[in-house]
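In what follows, a single structure is set out as structure tokens and then discussed.
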Amino acid sequence: MEERKTVFDLIGQIFIVFGFQVICMMIFGVIFGEDAKGYSSMFALGDEGIAISTLMQYLLMAGIITIIRQIFFTDMLIKTWSVPIRTICMFVSVIVTIVVFIVAFQWFPVDKVMAWVMFLCCFVVCALGAIGISLLKEKTDNRKMQEALERMQNGKNETDSN
């Protein structure tokens with residue numbers, strides 16, 4: 001049985017996505033910040049930090065990504081699609097969202113091929129990181145559930161033998 005989500009769960013998910021985005025931006029800022037300073041609005045401060053306007057854009061994007069995830073991974077709207085189809089559709093939707101943000105907020109010059117290559121590399125690294133964290137969390141949750149099931153079964157067996 002799926003636990004019903006509250007607005008606080010959604011807000012928590014938004015901040016998890018936002019936190020992951022900001023950590024990635026900090027890492028990329030340290031590595032590429034000074035070189036990208038005049039090239040990208042995301043690195044307007046170079047390796048000195050992230051502009052508040054960029055942080056607000058990332059927070060908005062985190063909200064949209066969380067909504068996209070809710071749409072594709074709850075039975076709220078889509079009940080018959082398989083998990084792989086949902087995952088592919090979610091990733092495509094997220095990429096489209098990010099591209100809209102890139103163009104709207106001029107995160108980098110859209111006519112530069114190298115900028116798109118770097119974006120795709122960064123996206124793949126971040127996506128793989130997020131998938132890895134999700135798989136690790138799922139494995140941990142499954143182990144906890146298995147342990148709880150075993151405790152329940154052991155408790156039931158002890159009761160039956162009395």
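The shortest distance between side-chain heavy atoms of Thr87 and Phe72 does not fall below 4.5 Å. With contacts defined as side-chain heavy-atom distances shorter than 4.5 Å, the pair Arg143/Thr140 qualifies. Side chains of Asn142 and Lys139 form no contact here, defined as non-hydrogen atoms less than 4.5 Å apart. Residues Phe32 and Ser40 have side chains not in contact (no heavy-atom distance under 4.5 Å, counting atoms from C-beta outward). Residues Gln21 and Ile65 are in side-chain contact: their nearest non-hydrogen atoms beyond the backbone lie under 4.5 Å apart.
Met118 is connected to Ile23 through a chain of hydrophobic side-chain contacts under 4.5 Å among Ile, Leu, Val, Met, Phe, Trp and Tyr, so both are in one cluster. The same ILVMFWY cluster, assembled from side-chain heavy atoms under 4.5 Å apart, contains both Val7 and Phe73. Note: the hydrophobic cluster containing Ile16 does not contain Ile67 (ILVMFWY, side chain heavy atoms under 4.5 Å, direct or indirect links). A continuous path of hydrophobic side-chain contacts links Ile71 to Ile95 [ILVMFWY only; heavy atoms under 4.5 Å]. Val100 and Val94 fall into different hydrophobic clusters, where Ile, Leu, Val, Met, Phe, Trp and Tyr side chains are chained together by heavy-atom contacts under 4.5 Å.
In this structure a side-chain-to-backbone donor-acceptor pair under 3.5 Å is present from Ser41 to Phe105. Within the 3.5 Å criterion, the main-chain N or O of Thr6 finds a donor-acceptor partner in the side chain of Asp9.
Applying the 6.0 Å contact sphere to CZ of Arg86 captures more than 12 heavy atoms from other residues, nucleotides or ligands. Heavy atoms of other residues, nucleotides or ligands lying less than 6.0 angstrom from CG of Leu135 number more than 12. More than 12 heavy atoms of other residues, nucleotides or ligands shown are found within 6.0 angstrom of CZ on Phe20.
Here the CG-CD1 distance, from Leu120 to Ile98, works out to 10.0 Å after rounding to the nearest 0.5 Å. The distance from the CD1 atom of Ile50 to the CE atom of Met26 is 6.5 Å, given to the nearest 0.5 Å. Considering CG of Asn154 and CD of Glu147, their distance stands at 12.0 Å, rounded to 0.5 Å. Between atom NZ of residue Lys37 and atom CD of residue Glu48 there is a gap of 7.0 Å, rounded to the nearest 0.5 Å. Here the CD1-OG1 distance, from Ile85 to Thr80, works out to 10.5 Å after rounding to the nearest 0.5 Å. One distance of note links CD1 of Ile133 with NZ of Lys137; it measures 12.0 Å at 0.5 Å rounding.
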Derivation of the side-chain contact (heavy atoms from CB on, under 4.5 Å) call for Phe18 and Val22: CA-CA 6 Å; Phe18 177 71; Val22 170; 3.7 Å; yes
Working for side-chain contact (heavy atoms from CB on, under 4.5 Å), residues Thr66 and Ile11: CA-CA 9 Å; Thr66 300; Ile11 291 170; over 6 Å; no
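What you find for Ala115 and Pro109 is that their closest heavy atoms are CB-O, 3.9 Å. In plain terms, the two heavy atoms of Ser93 and Ile68 that are nearest each other are CB-CG2, 3.8 Å. In this structure, Ile64 and Thr97 approach most closely via the heavy-atom pair CG2-CG2, 3.6 Å. Heavy-atom minimum distance, Leu45 versus Glu34: O-OE2, 4.3 Å.
Just one of Phe119, Tyr58, Phe43, Trp116 meets the ring pair (Phe, Tyr, Trp, His ring centres under 6.0 Å) condition when paired with Trp107; it is Tyr58.
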